[in-house]
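First the proteins, then the strands, lettered A, B, ... as listed; each starts at 1.
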Number of protein chains: 2
Amino acid sequence: MTVARTPTGAVPPRGRRAGRSAGDDREAAILATAERLLEQRSFGDISIDDLARGAGISRPTFYFYFPSKDAVLLTLLDRVTAEADSAGGDVLDRLAEDPRARWRELIGRFHATFGAHRAVVLACAQVRGTNAEVRRLWADVLERWVQAVQHAIEAERRRGAAPGGLPARDLSIALNSMNERVWYATFADDGPAVAERDVVDVLLDVWLTAIYRDTAPPPA
Amino acid sequence: MTVARTPTGAVPPRGRRAGRSAGDDREAAILATAERLLEQRSFGDISIDDLARGAGISRPTFYFYFPSKDAVLLTLLDRVTAEADSAGGDVLDRLAEDPRARWRELIGRFHATFGAHRAVVLACAQVRGTNAEVRRLWADVLERWVQAVQHAIEAERRRGAAPGGLPARDLSIALNSMNERVWYATFADDGPAVAERDVVDVLLDVWLTAIYRDTAPPPA
DNA sequence: GGGGACAGTCAACACCCTGTCGACTCCGCT
DNA sequence: AGCGGAGTCGACAGGGTGTTGACTGTCCCC
């Protein structure tokens with residue numbers, strides 16, 4: 001991971017110019033309120049008035065800081081995104097050392113990172129259907145994971161550790177999609193889910209068999 | 001498949017009693033309008049007024065037939081659900097004949113069934129986050145697929161065609177989750193997707209390796 | 001054939017939420 | 001003193017939902 005991120009044009013703080021100012025506190029207060037409320041109610045059940053009140057300002061003033069409710073979520077997502085991008089770290093560069101452990105670490109980090117911002121991620125999943133910007137930003141995050149894994153698979157194949165088969169990109173998409181959906185079911189109580197403590201191991205098992213096509217742990 | 005469906009309590013036609021009546025036409029008109037409009041705009045962009053006008057009635061009259069916009073979608077989903085439940089057919093009962101072909105058929109039908117009601121399914125995915133009933137109904141559909149596949153995996157293991165490994169249920173959940181998410185990405189333009197014509201084959205490949213843990217086609 | 005019962009219909013209302021406008025304050029700077 | 005911009009909000013316009021109450025037609029039973 002640690003993939004180059006396309007500059008997201010991350011909702012510039014509309015009004016003010018650079019440097020400290022009272023507005024920075026308000027902006028932070030709005031974001032904090034949003035994150036707090038999202039842990040209690042769904043995104044749709046939070047009104048702009050709620051966010052404004054929570055930050056100690058009136059509703060019109062909210063619009064001074066953000067153009068819409070969605071923009072707040074987008075900013076929140078932007079943080080998670082940044083974290084997710086670095087979460088992979090250089091794990092996949094050191095695959096040859098101990099493939100099983102490295103893949104497990106990767107999947108574990110995926111879950112841990114998103115789990116740490118559970119409320120925000122769930123809200124994004126909810127809004128993704130209606131908001132094109134959130135959809136795009138989310139797709140970008142996924143795309144970077146997909147590419148990182150794709151390259152790792154190709155590297156494993158090159159060094160003879162993994163056999164050929166599906167195009168590495170397709171395989172990577174399928175596996176990452178699985179992880180995303182399983183993560184979602186685990187935290188959103190939406191559909192059949194694997195027990196939370198087993199999630200990583202279940203996914204790992206499918207990953208390893210799909211990539212190495214073998215029951216035995218991949219060769220070191 | 002052809003699993004026993006829990007009676008869904010499928011939004012009883014509130015007002016009228018049994019037998020033909022003018023209201024049945026209206027109700028059908030509302031549903032038809034909804035399905036038609038969903039192919040053009042997102043669920044959120046369709047107002048109750050749109051549905052009413054489309055069915056040739058006024059907005060208050062709409063409420064005579066459905067308690068809310070969501071209820072319309074729920075009814076639509078109910079149809080898809082019924083279709084999805086029978087889509088599997090007895091495919092999995094005849095696995096021993098030609099496992100690879102049977103599994104492929106199953107995955108293909110999954111895609112075809114949902115693809116045939118693409119607009120409705122996408123709308124449901126969108127609303128799932130906010131509407132508990134849709135979420136539950138959807139979870140039920142998934143649960144039945146998961147169980148059917150789980151039993152098939154167990155049968156394959158019993159007859160010695162597939163080796164043990166993950167609990168069959170966990171494996172089934174993971175694989176079905178993958179299918180759902182990949183389907184979604186394919187049709188919703190949301191995240192990295194596999195080329196549509198390859199989808200079934202990619203998924204099939206992961207399924208077979210995960211279930212049979214072998215590159216070779218499973219023994220007949 | 002008069003009268004209840006009920007399907008079916010809608011204008012009008014109450015309500016909530018979003019987004020905007022214009023006027024206001026406060027503060028630093030010149 | 002007075003200009004300009006950050007920061008603030010009351011009040012409005014607009015669009016959506018859900019409800020009420022009054023109206024029409026029709027069937028059916030006495």
Side-chain angles (χ1 to χ4, degrees), chain A residues 11-34 37-38 41-75 123 126-127 129-134, chain B residues 11-34 37-38 41-75 123 126-127 129-134:
Chain A
V11 191
R14 295 204 312 158
R16 291 134 309 115
R17 52 199 58 186
R20 285 280 120 219
S21 84
D24 289 335
D25 296 339
R26 294 284 130 84
E27 195 173 320
I30 293 174
L31 291 169
T33 303
L37 290 183
L38 275 177
R41 327 175 219 162
S42 85
F43 187 69
D45 290 338
I46 298 171
S47 73
I48 290 183
D49 203 52
D50 293 333
L51 297 179
R53 301 270 160 218
I57 55 179
S58 72
R59 205 168 52 79
T61 300
F62 167 92
Y63 287 99
F64 182 82
Y65 295 101
F66 293 94
S68 69
K69 206 171 61 164
D70 284 9
V72 176
L73 186 58
L74 215 53
T75 305
Q126 202 176 111
V127 173
T130 47
N131 184 309
E133 283 205 84
V134 170
Chain B
V11 192
R14 296 205 310 157
R16 291 133 309 113
R17 55 198 58 186
R20 286 278 121 220
S21 85
D24 289 337
D25 296 340
R26 294 285 131 83
E27 195 173 320
I30 292 173
L31 291 169
T33 304
L37 290 183
L38 275 177
R41 328 175 216 160
S42 84
F43 187 68
D45 289 339
I46 298 172
S47 73
I48 290 182
D49 204 53
D50 293 333
L51 297 179
R53 301 270 159 216
I57 55 179
S58 72
R59 204 168 54 78
T61 300
F62 167 92
Y63 287 100
F64 182 81
Y65 295 101
F66 293 94
S68 70
K69 206 171 60 166
D70 284 8
V72 177
L73 187 58
L74 215 52
T75 305
Q126 205 176 109
V127 173
T130 46
N131 185 308
E133 284 205 83
V134 170

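Rounding to the nearest 0.5 Å places CG of B:D49 at 10.5 Å from CZ of B:F62. Summarising the geometry, atom CG belonging to A:D50 is positioned 9.5 Å from atom CG belonging to A:D45; distances are rounded to the nearest 0.5 Å.
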Query raised in the report: What is the per-nucleotide protein-contact pattern of nucleotides 10-27 of chain D, from the 5' end, where B denotes a base atom under 4.0 Å from a protein heavy atom, S denotes such proximity for sugar-phosphate atoms only, and - denotes neither?
Result: BB-----BBB--------

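Side-chain contact check for A:T33 versus A:V72: every heavy-atom pair is 4.5 Å or farther apart. Two residues are said to be in side-chain contact when any heavy atoms from C-beta on lie closer than 4.5 Å; B:Y65 and B:L31 fail this criterion.
Between the P atom of C:dC21 and the CZ atom of A:F64 lies a distance of 15 Å, rounded to the nearest Å. If you take CZ of A:F66 and C1' of C:dG19, they are 16 Å apart, rounded to a whole angstrom. In this structure, A:D50 places its CG atom 11 Å from C1' of C:dC17, rounding to the nearest Å.
With sequence neighbours excluded, the residues forming a side chain to side chain donor-acceptor pair (under 3.5 Å) with A:T61 are A:S58, listed by chain and number.
Under the 3.5 Å distance criterion, the side-chain polar atoms of B:K69 are matched with a main-chain donor or acceptor of B:I46.
Distances shown here put a side-chain N or O of B:Y65 below 4.0 Å from the OP1 or OP2 atom of C:dT9.
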